Amino acid sequence: MEKEYALKKRKNPIYKNKKKLFFYLLLMVIPVAHFLVFYVYINFNSFVLAFSNYTRADEGFLLKSFAGFSNFKQGFQELFKYPYRIKNSLLFTAGNIFIVTPITLLFSFYIYKKGPCSGFFRVVLYIPQILSEVVIGLIFVKLCNSVIPTFAKQVFGMENVMGFLENPDTSLYFVFFFNSLFWFGVNMLLYSNTMSAINESIIESCHLDGANRIQEFWYIVLPMIYPTLVTMIVVMVSSTFTEQFRMYTLFSNRGDSIGNIGYFLYLQVQKSDVWVPAGTTKVPYTVLSAIGLMLTAVVLPTTLIVKKLLTKYGPRED
C-alpha cells in the first residue's frame, strides 16, 4: 500500500508542480533579497535621509527632524565648491566614449579578423581583468613615482624629476591612461566576441560584392554589433557621477585635488556619518543623499536621451 501511495504521489501533477514551485522559489531568494536590500531599501533610505536633519542633544542622543530642502541647498554648494570634480567626471566619460571606444572597436575588429599576434594580444590585454586591480594599481604607482624618476636621474642625469602621479600637471593624464588599460581590455573581448557571432555568410557576401576591410567594418560589422555598443555607451553615461575611476586605488585618500564626483562621494561616505560636528570638512549622509538625488535627476534623463538618439540615428542591420 505504501508503494502504491508513493507511486500515485509521484505521478500526481500537483505534487510535481509543488516541487517545481519550491525549486523556483529557492532560486529566486537571493536575487529578490538583493533587489530588496540594495535597490528598494537603499533608495528609499536615501530619499528619507535627503529630507532629514539630525541634531545632537545634550544627553548624546541624535534628534531627527524634517529638513525641507536645506540638504539640497548645501549639497548644491558642495558640488560647485570645487568645479574640477564635475569637469573631471565629464572628461573621463567623454574620453572613454570618444577616444577609448573607437580604438577598442578597431582593435577588436583586428582580433576578430585574426590578424598577426591577435591571440597574444587577446590574452595580454585581458590580464588586468584577471589579476587584482589593487596589485596592478600598486605596480603602476611604483612605476610612475619611483622607477621612472630614478631611471631619468641615473640614465639622463635629470635631477628633481617628479613622479607622473605626483606631478599635478601630469597626474590626471596618467589616471586616465590607467583606466584606459582596464576599459580597453574588457571591452575589446566583449566587442570581438560579439563580432565572432556574426554569420560568416554575410561577410562572404560582402567580399563577393567587392567590399574591402574598411567597408566591411563600417557597413557590416558595426551595424551588427551596434546594440552592444549602445548598451556600453549607456552604461558609461549612467555611471558618470558614480564611478570614481580607480582614484582610490592610485591615491588612497590623498587624491581629492584632482578627483571627481564619484571619488569625492566615496571619501565622504567613508569618513562621515548622519551627524558631523560643525566646522569640519565632513559632509553628513543627509547632504550626500541629497547630492545623490540631484545627480540622479540629471543623469537619468540624460541617459534616456542618449539611448534614444543612439537608437534613432545609429546604423541599422537592414
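Worth saying up front: this structure is predicted, and the values here are computed from it rather than measured.
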| task | List the steps and the verdict of ring pair (Phe, Tyr, Trp, His ring centres under 6.0 Å) for F47 and F51. | result | CA-CA 7 Å; F47 185 83; F51 292 95; 5.1 Å; yes
| T101/L229 under side chain to side chain contact (heavy atoms under 4.5 Å, CB included): CA gap, chis, key distance, verdict | CA-CA 9 Å; T101 298; L229 179 61; 3.6 Å; yes
| request: Apply ring pair (Phe, Tyr, Trp, His ring centres under 6.0 Å) to the pair F72 and F76, showing each step before the final yes or no. | output: CA-CA 6 Å; F72 290 87; F76 187 83; over 10 Å; no
| request: Using the side chain to side chain contact (heavy atoms under 4.5 Å, CB included) rule, take T249 and F140 through it: C-alpha gap first, then chi angles, then the decisive distance, then the call. | output: CA-CA 10 Å; T249 302; F140 187 77; over 6 Å; no
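A heavy-atom distance below 4.5 Å is found between the side chains of F245 and W183. Looking at F241 and L79, their side chains never come closer than 4.5 Å, going by heavy atoms from C-beta outward. Here the side chains of F109 and L105 are not in contact, with every heavy-atom distance at 4.5 Å or above. Taking 4.5 Å as the limit, some side-chain heavy atom of L181 sits within range of a side-chain heavy atom of F177. Two residues are said to be in side-chain contact when any heavy atoms from C-beta on lie closer than 4.5 Å; V100 and N179 fail this criterion. By the 4.5 Å heavy-atom criterion applied to side chains, L49 and Y54 are counted as neighbours. Counting only heavy atoms from C-beta outward, the side chains of K113 and E216 approach each other to under 4.5 Å. At a threshold of 4.5 Å between non-hydrogen side-chain atoms, the residues T240 and T302 do not count as touching.
A donor-acceptor pair under 3.5 Å links the side-chain atoms of N71 to the main chain of S52, judged by distance alone. Side-chain atoms of Q215 come within 3.5 Å of backbone atoms of N212 as a donor-acceptor pair (strictly under, hydrogens ignored). The closest donor-acceptor contact from the side chain of S238 to the backbone of V235 lies under 3.5 Å. In this structure, the side chain of D209 does not engage the main chain of A211 through any donor-acceptor pair within 3.5 Å. Formation of a donor-acceptor pair under 3.5 Å by the Y285 side chain with backbone atoms of S272 is found in this model. A side-chain donor-acceptor contact under 3.5 Å links Y263 to the backbone of G255. Remark: the backbone N or O of M188 is paired with a side-chain donor or acceptor of S108 at under 3.5 angstrom. Within the 3.5 Å criterion, the main-chain N or O of P116 finds a donor-acceptor partner in the side chain of Y110. Side chain of N88 to backbone of G259: a donor-acceptor contact under 3.5 angstrom is found.
Residue pairs satisfying the side chain to side chain donor-acceptor pair (under 3.5 Å) criterion with at least one member in residues 186-198, sequence neighbours excluded, are listed as follows: R122-N193.
The distance between the ring centers of F184 and F107 falls below 6.0 angstrom.
The line from CD1 of I258 to CG of L172 is 5.5 Å long, rounded to the nearest 0.5 Å. Interatomic distance, CD of Q74 versus OG1 of T286, reported as 7.0 Å (0.5 Å rounding). Residue M162 holds its CE atom at 8.5 Å from CG of D169, rounded to the nearest 0.5 Å. Taking CG from L309 and NZ from K307, the interatomic distance works out to 11.0 Å, rounded to the nearest 0.5 Å. Annotation: the span from T93 atom OG1 to I233 atom CD1 amounts to 12.0 Å, rounded to 0.5 Å. Here the straight-line distance linking atom NZ of K153 with atom CD of E159 works out to 5.0 Å at 0.5 Å rounding.
For V276 against P284, the heavy-atom pair with the smallest separation is CG2-CD, 3.9 Å. Nearest heavy-atom pair across F251 and S171 is CZ-CB, 4.5 Å. Residue I203 comes nearest to C206 through the heavy atom pair O-SG, 3.0 Å, listed as atom of the first residue, atom of the second, then distance. The two residues L293 and A50 make their nearest non-hydrogen contact at CD1-CB, 3.5 Å. When every heavy atom of P102 is checked against every heavy atom of I97, the shortest pair comes out as CD-O, 3.3 Å. Nearest heavy-atom pair, P227 versus P223, reported as atom, atom and distance to 0.1 Å: CD-O, 4.0 Å.
Within 6.0 Å of CZ in F69 there are 12 or fewer heavy atoms belonging to other residues, nucleotides or ligands. A 6.0 Å sphere centred on CG of L208 holds more than 12 heavy atoms belonging to other residues, nucleotides or ligands. For L25, the CG atom is densely surrounded, since the number of other residues' heavy atoms within 6.0 Å is greater than 12. More than 12 heavy atoms of other shown residues, nucleotides or ligands fall within 6.0 angstrom of atom NZ in K271.
The one candidate from N145, L250, L165, L143 that meets the side-chain contact (heavy atoms from CB on, under 4.5 Å) condition with F174 is L165.
Ring geometry, F92 versus F176: the interplanar angle falls from 30° to 60°, so the pair is classed tilted.
Think of V29 as one node in a network of Ile, Leu, Val, Met, Phe, Trp and Tyr side chains linked at under 4.5 Å; it has no links at all. Side-chain heavy-atom separations under 4.5 angstrom define the hydrophobic clusters, and the remaining members of the one that includes F44 are V48.
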